2 protein chains.
Amino acid sequence: MGVLEKVNVRGRTAVEPVLPLDTILRGDCIAAMKALPAKSIDLIFADPPYNLQLGGDLNRPDGSHVDAVTDEWDKFDSLAAYDKFTREWLAEARRILKDDGSIWVIGSYHNIFKVGSAIQDLGFWILNDIIWRKANPMPNFKGTRFTNAHETLIWASKGEKARYTFNYRSMKTLNDELQMRSDWEFPICGGQERLKKDGYKVHPTQKPEALLYRILLASTKKGDVVLDPFFGTGTTGAVAKRLGRRWIGIDREGVYVDAAQARIDAALPLDESALTTMQAPKAAPRVAFGQLVENGYLAPGTLLFDSKRRHRAVVGADGSLKCGDAAGSIHKLGATLQNAPSCNGWTWWHYEDEGALKPIDALRQTWLLATQP
Amino acid sequence: MGVLEKVNVRGRTAVEPVLPLDTILRGDCIAAMKALPAKSIDLIFADPPYNLQLGGDLNRPDGSHVDAVTDEWDKFDSLAAYDKFTREWLAEARRILKDDGSIWVIGSYHNIFKVGSAIQDLGFWILNDIIWRKANPMPNFKGTRFTNAHETLIWASKGEKARYTFNYRSMKTLNDELQMRSDWEFPICGGQERLKKDGYKVHPTQKPEALLYRILLASTKKGDVVLDPFFGTGTTGAVAKRLGRRWIGIDREGVYVDAAQARIDAALPLDESALTTMQAPKAAPRVAFGQLVENGYLAPGTLLFDSKRRHRAVVGADGSLKCGDAAGSIHKLGATLQNAPSCNGWTWWHYEDEGALKPIDALRQTWLLATQP
DNA sequence: TCGACTGCTGAATCATTCG
DNA sequence: CCGAATGATTCAGCAGTCG
């Protein structure tokens, strides 16, 4: 896995780490991550073993058998062993993550508390926990507990002060112009999407593409590098390709690696225009108040008022406002006059139009309509 | 807090621990729990400090100030200090919990992973994690993350093999005859239910009664003792009283204790009949197949069939079934004939009624209707 | 082509009692 | 504590078939 390579950068010869982009690395996830350079990954999505600790067989009321997760990779000697494994792979993940990158981990109640606890101990800063509500969970056949109808994802930045990517507008647009909440509903992976071989599912816990789609759209930019250390059937890679992100997958099992490679080869990337639209579907460009003055929407010297005419201010040529001794931007002056910590100047300040007061935000809208294609 | 008291039990004089039932203990929760006898509590509900670690002030887009949780009781020096506190109170909780009791803890992503990890380390066995989906969460005003729209509850028994109470039928009835799932939706506590004093909320994180109602209905029996070590405004006590459960509350803050006491004094217990209905709305006592034969609902010698008449069996006088050489209970013979590991004989076996096949479960229902008051 | 119906299946810590 | 006997239990989505 040659991740070190001589490259020629603008005439200079240097030894720089090169990432094995759009590649599946077969092997142990900790060893494979150790071979990757520090601070090189924009986003990590991890779907580690859940340590289910299932007992005997389970049958449905009709007598049929439940095909449970009995794979060797989900077996650990003890809770402590699982804890140790978790901290080890998370520490490597942290090393290779860029300072402004972020990490997602999915789990169930069997393991997610150990995972979350380790994430906090390692210095990551949890941004959200997200609930995947399953539209069609398996019932509790014995009637002994509540139907286990969700899984939990943790989303964390590298530290309390670390920056991270969050495409707020994309999420809001995706959610019908309401803020995207922390509970997401998807059906479990099935139908055509579910990879099968000889009629049997290839992987017991294949994740739905819709889940990865939302994660990548929310927390990466186009061209970002996404790493999945428990690649399985490669859902992360397939979605990354579709969304114009680069990806690296790691998995130990040859069967999974082969299935994932074939799947990703067959996946079609979206064309550029579709990608742009999704990235910021309704993102309005920022408008500086000064632009409106500059372009004649509001003349310098115009008087602005709050909605009840308790305050008045004069527009300056540079887009500033003045009110007696106080001066500043529309937001800052509004806050000062109200003695408030903050103020949205666009909706607080009004101009006079045929005797009536109208918010200056109306002018911004007019400007946007006139200048947007 | 005299929890030890001489009592006279059926003529014998003995020193036995007596629980301070239906009482609020004012003081530190760990100290107060230490004074309670071991294995004396049926259910613990805990809403511990979340260790929110909030930074500066937060304002809404209109400039108004968000009244956040800034109370002293939510401050800890470090994550390690919080972890230590968590393990201490959980250890005491474990000591006083009956072997067939269970514990609920609610939290957010700030603390729930530490809580869950400690719960597992202490030997509790997680039964479910439950998501409280808030119908009306506070938006993320800054647009920097997903709207934090849920909280997480952990429900655990005392150990892997420990018994616990789960009123399956009550939950299923409550959920319109579908199994109750692990995601519950309630509005946050507000309106008339929210305790206020001089126009200000008494407690920053008062939980909705609907949440406690479901918890107590699901995991306690009538007369069970419910302990809440972080009693706050006493939601747990108020709901316990309504549902005919005994309760003990612990809180350090006099303001909360007073508010909770007044609230619980004003709460009305439900009358007995309503309680019975809710506790087990459709709970049917076990019926042995033999009872039906004994009571003439099915004559010995009657032929039973599976729904497609592929198998037939003869009813024995003792409630056994015979089919050729094979014989056994309705469940066992059904399983044997299908070559299945198990079988619900009540729905698998049918009797002939005017030419049509009807499941013998219909007879059980008839029997139940005739014998239940 | 479409609706009705049948059959199958999914990260599940899935029983209780008695001897 | 263990083994054997007895007892009790499922929901939504998708694929395939039939009319």
Side-chain angles (χ1 to χ4, degrees), chain A residues 47-71 73-76 79 82 106-113 132-152 185-194 196 199-201 203-208 230 232, chain B residues 100 120 124-129 155-157 159-164 166 168-169 172 175-182 284-290 307-308 319-320 328-335 341-348 361 364:
Chain A
D47 181 12
Y50 287 11
N51 188 28
L52 289 183
Q53 302 172 279
L54 301 178
D57 280 1
L58 179 64
N59 297 294
R60 298 188 176 79
D62 68 2
S64 67
H65 183 253
V66 174
D67 183 19
V69 178
T70 51
D71 306 71
W73 50 253
D74 196 48
K75 298 199 189 313
F76 291 82
L79 195 57
Y82 184 80
I106 185 168
S108 66
Y109 68 84
H110 309 84
N111 71 323
I112 199 66
F113 303 111
W132 167 27
R133 302 176 52 218
K134 300 182 185 183
N136 48 347
M138 180 153 53
N140 180 297
F141 296 117
K142 304 284 185 185
T144 53
R145 305 179 181 188
F146 298 98
T147 303
N148 197 6
H150 73 275
E151 293 190 25
T152 301
E185 177 166 340
F186 299 109
I188 57 180
C189 182
Q192 295 302 314
E193 193 186 324
R194 187 95 197 197
K196 300 207 173 179
Y200 294 98
K201 55 190 177 193
H203 194 285
T205 71
Q206 185 181 337
K207 295 293 175 286
F230 306 95
Chain B
D100 59 355
Q120 291 184 301
F124 290 104
W125 195 248
I126 298 181
L127 299 166
N128 279 114
D129 60 335
W155 179 39
S157 69
E160 181 174 358
K161 305 291 181 192
R163 308 202 323 153
Y164 56 90
F166 179 55
Y168 176 74
R169 283 288 347 159
K172 190 164 176 178
N175 196 36
D176 204 17
E177 288 306 307
L178 290 179
Q179 285 192 340
M180 186 69 80
R181 297 168 41 114
S182 56
R286 279 200 166 196
V287 176
F289 180 65
S307 62
K308 300 190 178 165
S320 67
S329 72
I330 53 172
H331 309 293
K332 189 169 181 181
L333 186 64
S342 67
C343 168
N344 182 346
W346 290 110
T347 52
W348 199 72
D361 196 43
R364 178 170 63 158

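Note that the structure is a prediction, hence the values are computed from the model and not measured.
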Problem - No-H, no-angle donor-acceptor pair, Lys207(A) side chain to dA11(C) base, under 3.5 Å - result: yes

Handout entry: Distance-only donor-acceptor test, Arg60(A) side-chain atoms vs dG10(C) base atoms, 3.5 Å
Key = yes

Problem - Distance test, side-chain N/O of Arg169(B) to OP1/OP2 of dA8(D), below 4.0 Å - result: no

Practice task
May I ask you to say what Ile126(B) touches in the nucleic acid, namely base, sugar-phosphate or nothing, with a heavy-atom cut-off under 4.0 Å?
Solution key: base

Fill in the blank from the handout: Distance col, row Met180(B):CE vs Asn140(A):CG, nearest 0.5 angstrom, shows 13.5 Å

Exercise for the section: Considering just the side-chain nitrogens and oxygens of Trp346(B), establish if one lies under 4.0 Å of OP1 or OP2 belonging to dA8(D). Expected result: yes

Handout entry: Selected nucleotide, minimal atom distance to Leu58(A) side chain, candidates dG13(D), dT10(D), dA12(C)
Key = dA12(C)

Problem - Shortest side-chain distance from Gln179(B), nucleotide among dT10(D), dC14(C), dA12(C) - result: dT10(D)

Exercise for the section: Report yes if at least one side-chain N or O of Lys161(B) is closer than 4.0 Å to OP1 or OP2 of dA15(C); otherwise report no. Expected result: no

Fill in the blank from the handout: Considering only heavy side-chain atoms of His331(B), the closest of dT10(D), dA8(D), dA15(C) is dA8(D)

Practice task
Could you tell me whether Asp129(B) contacts a base, only the sugar-phosphate backbone, or nothing, with contacts defined as non-hydrogen atoms closer than 4.0 Å?
Solution key: nothing

Handout entry: Distance-only donor-acceptor test, Asn128(B) side-chain atoms vs dA12(C) base atoms, 3.5 Å
Key = no

Completion exercise
So CD of Gln120(B) and CG of Leu79(A): to nearest 0.5 Å the spacing works out to 5.0 Å

Exercise for the section: Considering just the side-chain nitrogens and oxygens of Gln206(A), establish if one lies under 4.0 Å of OP1 or OP2 belonging to dG10(C). Expected result: no

Fill in the blank from the handout: Among dC14(C), dC11(D), dA11(C), the one nearest any side-chain atom of Arg145(A) is dC14(C)

Problem - Geometric cation-pi criterion Lys134(A) and Trp132(A), 6.0 Å radius, 45° cone - result: yes

Completion exercise
Against the side chain of Asp62(A), the closest entry in dA12(D), dA12(C), dT10(D) is dT10(D)

Practice task
Look at Lys201(A) and dG10(C) and indicate whether a side-chain polar atom (N or O) is within less than 4.0 Å of OP1 or OP2.
Solution key: yes

Practice task
Just call it for Gly56(A): base, sugar-phosphate, or nothing, with non-hydrogen atoms closer than 4.0 Å on any strand.
Solution key: base

Practice task
May I ask which nucleotide in the shown strands pairs with dA15(D), Watson-Crick or G-U wobble, both distances under 3.5 Å?
Solution key: dT6(C)

Practice task
Would you kindly compare Gly199(A) and Gln53(A) by the position of their nearest DNA chain C nucleotide and give the one closer to the 5′ end?
Solution key: Gly199(A)

Exercise for the section: For dC2(D), give its Watson-Crick or G-U wobble partner with both distances under 3.5 Å, or none. Expected result: dG19(C)

Handout entry: Closest nucleotide among dA15(C), dA11(C), dC11(D) to the Pro139(A) side chain
Key = dC11(D)

Practice task
Could you check whether Glu151(A) gets within reach of a base, just the sugar-phosphate, or nothing at all, counting any heavy atom under 4.0 Å?
Solution key: base

Exercise for the section: Name the pairing partner of dA12(C), where a pair is Watson-Crick or G-U wobble with both distances under 3.5 Å, or state none. Expected result: none

Problem - Inter-residue atom distance Asp57(A).CG - Asp67(A).CG, 0.5 Å rounding - result: 10.5 Å

Completion exercise
Looking only at dG13(D), dA12(C), dA8(D), the nucleotide nearest the Asn136(A) side chain is dG13(D)

Practice task
Kindly say whether the aromatic ring centers of Tyr164(B) and Trp125(B) come within a distance under 6.0 Å.
Solution key: no

Exercise for the section: For nucleotides dT10(D) and dT16(C), find the distance between their P atoms and express it as a whole number of Å. Expected result: 15 Å

Problem - Phosphate contact (dC11(D) OP1 or OP2) by Lys172(B) side-chain N/O below 4.0 Å - result: yes

Completion exercise
Among the nucleotides dA11(C), dT9(C), dA12(C), whichever has the atom closest to the side chain of Ile188(A) is dA11(C)

Exercise for the section: Mind checking Gly191(A) for me? I need base, sugar-phosphate or nothing, with any heavy atom below 4.0 Å counting as a touch. Expected result: sugar-phosphate

Exercise for the section: Look at Tyr200(A) and dC8(C) and indicate whether a side-chain polar atom (N or O) is within less than 4.0 Å of OP1 or OP2. Expected result: no

Handout entry: Lys142(A) side chain, from C-beta outward: closest of dA12(C), dA15(C), dT10(D)
Key = dA15(C)

Completion exercise
Of dA12(C), dC14(C), dA11(C), the nucleotide closest to the side chain of Asp47(A) is dA11(C)

